[in-house]
Amino acid sequence: MATSSQPVRVRFAPSPTGHLHLGGARTALYDYLLARQTGGQFILRIEDSDRRRFVPGAEEEIYASLRWLGIDWDEGPDVGGDYGPYRQSERKEIYQQYADQLIESGHAFTCFCTPERLDLVRSEQQRRKEPPHYDGTCRNLSADEVKPRVAAGERHVIRFKMPQEGTTTVTDLLRGEITVENRTLDDYILVRSDGLALYHLAAAVDDHLMKITHVIRGSEWLPSLPLHSLIHRTFGWQEPVWVHLSVFLKPSGKGKMSKRESAELIQDGHSIFVKDLEKLGYLPEAVVNWTALMGWSYDDHTEVFTLPDLVEKFSLEKLNPSPAAINFTKLDHFNGLHIRALPLDELVQRMKPFFIEKGYQPDDATLAKIAPIVQERLQGMDDAPELAGFFFKPDVQPDAAELVIKDLTSAESAELAKKILAILESLPDLKPETAEPPMRELVEQSGLKAGQVFGLMRIAITAQRVSPPLFESMEIIGKDKVLARMRRAVGLLEAM
RNA sequence: GCCCCCAUUGUCUAGUGGCCCAGGACGUGGCCCUCUCAAGGCCAAAACAGGGGUUCGAAUCCCCUUGGGGGCACCA
C-alpha cells in the first residue's frame with residue numbers, strides 16, 4: 001500500500017455555512033482513517049473566507065457532529081497546532097503576500113473591470129453560445145498603468161493569468177490523468193476587491209503551508225483541479241496527491257440531494273445531516289460503517305466494520321469513482337447490526353435518553369433488565385420507548401375490544417382471563433420458568449392456541465399488540481402489577 | 001451551450017483478459033423457527049447500457065453512441 005505507508009497530513013476543510021452532511025462526514029472519515037492508519041495528522045481547517053455566508057454556530061455544530069461520529073483531529077481552530085491559524089479569515093495577509101508574488105512573477109494581474117461590465121460580457125457570450133469567460137481587458141496592463149490606479153483606491157481584483165495555449169494534465173488518484181485544453185480555462189479571480197483571497201488561492205496556499213500530502217475532497221472540485229494544480233506548479237510547490245471522491249446521489253439515484261428532498265427525508269425518519277441522526281435513533285457506529293462503504297469496499301464479502309477496523313483496513317486503492325445513491329434502508333440494517341453488537345450496559349446508557357425524551361423516568365436497574373429482551377428488536381434506538389415504554393408506566397389502559405381474542409366471544413374471553421388470573425395468583429413468583437409451564441398447560445386444556453391465550457395476556461399486561469417476550473416482561477413488571485392488570489382486564493371483559 | 005467525470009441486478013458493491021453461463025450485502029418473494037414483533041436459518045427472482053474493434057479468449061483494453069452526474073460566481 002504505497003499511498004498509505006508514509007505518514008500523511010490530510011485536512012478536512014468545511015465552510016461554516018450549514019450543517020455537516022453525509023458527503024462531508026465521509027470525506028472527514030476517510031481523512032481521519034488515513035491519518036490514524038499511517039500515524040500522520042488530521043487537520044481541521046475552517047474555510048470562512050466569505051464573511052457574507054458565515055452562519056453563527058455552524059462551526060461548533062461541525063465539531064459536534066464529527067465528535068459524535070468518533071472522529072477527532074490533531075490540528076484545528078479549537079485545538080491549535082504548529083501551522084495555524086486554522087481559520088482562513090485569519091490568514092488574509094498570508095494570501096495577499098502570495099498573490100503579490102504571483103503578480104511580480106507575471107502569473108497574475110490586477111483587474112479593474114466592474115462586475116456590471118463583466119455581467120454584460122458574460123450574457124453577450126452566452127447569447128453567442130460561447131463558454132462564459134473573462135475577456136482579457138486588464139490582462140496586459142503594465143505595472144506603470146496599474147500602480148497609480150491602485151494607489152488612488154480604485155476597486156480591483158487579482159486574477160490568475162491562465163496560459164492561453166497548450167494543455168494541462170493533472171493526476172487524480174482514482175481517475176488517472178485528466179487533460180484539459182488551457183483555452184477552456186479562465187483567468188480566475190484569486191483575490192476579491194475586499195482584499196480576501198478566494199478558495200482557489202487560499203486552499204492552495206494553506207495546503208502548501210500546512211504541508212498537506214493528500215487532498216481528499218468531493219468530485220465537485222474536479223473542474224477546478226487544473227487551476228489548483230497550476231497554482232501549485234506556478235509557485236514551484238510539490239502538489240499533494242489529489243483524491244476526488246464520488247458524489248452522493250439521492251436515493252432514487254437521480255441527481256444530488258436538494259433542500260426540499262432533505263425535508264421529505266426527515267418525515268421518513270432519515271436525514272442527510274449528521275446532527276439529525278442521533279435523535280433519529282441511529283448509532284454513530286452504524287453511520288460510520290454505512291458511509292465508509294459508500295464508495296469504498298474491503299473485499300467481496302466483509303462489510304461490518306468498527307472504526308478501529310476501518311483504521312486498520314481502509315485503503316485509497318479500493319475507492320470507487322462512480323456516484324453512489326444514498327440507501328437509507330441499508331443504514332437501518334447496519335443500525336440494527338450495531339445495536340445488537342452493543343454490550344448490554346452500553347445499550348442501557350444509550351437507550352436512556354430516548355425514554356426520557358418521551359416523558360418516562362427510567363431507572364438503570366429496570367433498564368438493565370429490559371436491555372436483553374429489546375436488543376434484537378430495535379431497528380433504531382428511537383424504537384425503544386414505543387416497544388418498552390410500558391415498563392415505566394404505573395398502569396396501562398388496554399382497549400376492551402382488543403382484549404376480545406380472535407375467534408372467541410367477549411364472554412369466552414372473560415372466562416379465559418379469569419382462568420389466567422387464577423393461575424397467576426396461585427404462583428409463588430412470576431419467573432418465566434415458574435409461570436410458563438402452567439400457562440402452557442392451560443393452552444392444552446382449553447384447546448386454544450398459544451397465540452390466543454398469550455395474546456390476551458399481552459394486551460392486558462402491556463396494552464400493546466407487539467411487545468418483548470411475555471414471560472420475561474411479566475417478571476420485570478412484577479407480580480403485583482401483573483395481577484392488578486389482569487383483574488382489570490377481567491373487569492373490562494365482563495362489562496362488555 | 002461548453003468543459004470534466006462516471007457506467008455490473010431496484011440500491012451499495014466484488015471483479016484489473018481465461019478462476020465469471022459474474023461473488024457478497026440491502027431490499028423483495030417463499031419456507032423453517034415462533035406467545036406478538038424481531039432476530040436467526042434455508043431457498044428464489046434480479047445485472048456486465050448499446051454498437052464497433054483488439055485478442056485464441058473481454059464485465060475487464062480501445063473507439064463511438066446512449067444514459068447519468070458534476071462544473072462553468074468578487075460561494076465553497
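Lettering of chains follows the sequences in order, A, B, ..., and the numbering in each one begins at 1. These values consider heavy atoms only, across backbone and side chains, with no hydrogens, waters or symmetry-generated copies.
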Asks: Distance-only criterion, 3.5 Å: show the donor-acceptor pairs between side-chain atoms of residues 464-472 of chain A and protein atoms not counting sequence neighbours.
Replies:
| unit_1 | atom_1 | unit_2 | atom_2 | d |
| --- | --- | --- | --- | --- |
| Gln464(A) | NE2 | Leu387(A) | O | 3.2 |
| Gln464(A) | NE2 | Val466(A) | O | 2.7 |
| Arg465(A) | NE | Glu402(A) | OE1 | 3.3 |
| Arg465(A) | NH2 | Glu402(A) | OE2 | 3.3 |
| Ser467(A) | OG | Arg458(A) | NH1 | 2.8 |

Asks: Listed by chain and number, what are the side-chain contact (heavy atoms from CB on, under 4.5 Å) partners of Asp50(A), not counting sequence neighbours?
Replies: Arg52(A), Arg53(A), Arg192(A)
Asks: Is the closest side-chain heavy-atom distance between Leu225(A) and Arg217(A) below 4.5 Å?
Replies: yes
Asks: Going by the rule side-chain contact (heavy atoms from CB on, under 4.5 Å), which residues pair with Glu412(A) if we only count those two or more places apart in sequence or in a different chain?
Replies: Leu408(A), Thr409(A)
Asks: When the C1' atoms of G18(B) and A59(B) are considered, how many whole Å apart are they?
Replies: 13 Å
Asks: Gln125(A): what forms a side-chain contact (heavy atoms from CB on, under 4.5 Å) with it, not counting sequence neighbours?
Replies: Val121(A), Arg122(A), Arg128(A), Glu130(A), Pro132(A), His133(A)
Asks: Report the residues that fulfil side-chain hydrogen bond (donor to acceptor under 3.5 Å, both in side chains) with Glu376(A), sequence neighbours left out, ordered by chain and then residue number.
Replies: none
Asks: Which residues in residues 438-445 of chain A have a heavy atom closer than 4.0 Å to any atom of RNA chain B?
Replies: Arg440(A)
Asks: Classify Pro469(A) by what it touches in the nucleic acid, base, sugar-phosphate, or nothing, heavy-atom distance under 4.0 Å.
Replies: base
Asks: Give, ordered by number, those residues of residues 325-333 of chain A having at least one heavy-atom distance below 4.0 Å to an atom of RNA chain B; if nothing qualifies, reply none.
Replies: Ala325(A), Asn327(A), Thr329(A), Lys330(A), His333(A)
Asks: RNA chain B: Glu472(A) or Gln126(A), which has the more 5' nearest nucleotide?
Replies: Glu472(A)
Asks: Could you measure between the two C1' atoms, the one in C48(B) and the one in G23(B), and give it in whole Å?
Replies: 13 Å
Asks: Please enumerate all residues that pass ring-ring contact (aromatic ring centres under 6.0 Å, His included) together with His244(A), with sequence neighbours excluded.
Replies: none
Asks: Is a salt bridge present between Arg117(A) and Asp135(A), judged by a nitrogen-to-oxygen distance below 4.0 Å?
Replies: yes
Asks: Could I get the full list of side-chain hydrogen bond (donor to acceptor under 3.5 Å, both in side chains) partners for Tyr63(A), not counting sequence neighbours?
Replies: Glu59(A)
Asks: Nucleotides 20-22 of chain B: which of its N/O atoms have a protein N/O under 3.5 Å away?
Replies:
none

Asks: Could you run through nucleotides 2-8 of chain B and give me one letter per nucleotide, 5' to 3': B if any protein heavy atom sits under 4.0 Å from the base, S if only the sugar-phosphate is that close, - if neither?
Replies: --SSSS-
Asks: Kindly give the atom pairs (protein nitrogen or oxygen, nucleotide nitrogen or oxygen) under 3.5 Å for nucleotides 39-42 of chain B.
Replies:
| unit_1 | atom_1 | unit_2 | atom_2 | d |
| --- | --- | --- | --- | --- |
| A39(B) | O4' | Glu376(A) | O | 3.4 |
| A39(B) | O3' | Arg340(A) | NH1 | 3.2 |
| G40(B) | OP1 | Arg340(A) | NH1 | 3.3 |

Asks: Taking the six-membered ring for Trp, are Tyr199(A) and His228(A) ring centroids under 6.0 Å apart?
Replies: yes
Asks: Figure out the NE2/C1' separation between His200(A) and C75(B), and round it to whole Å.
Replies: 9 Å
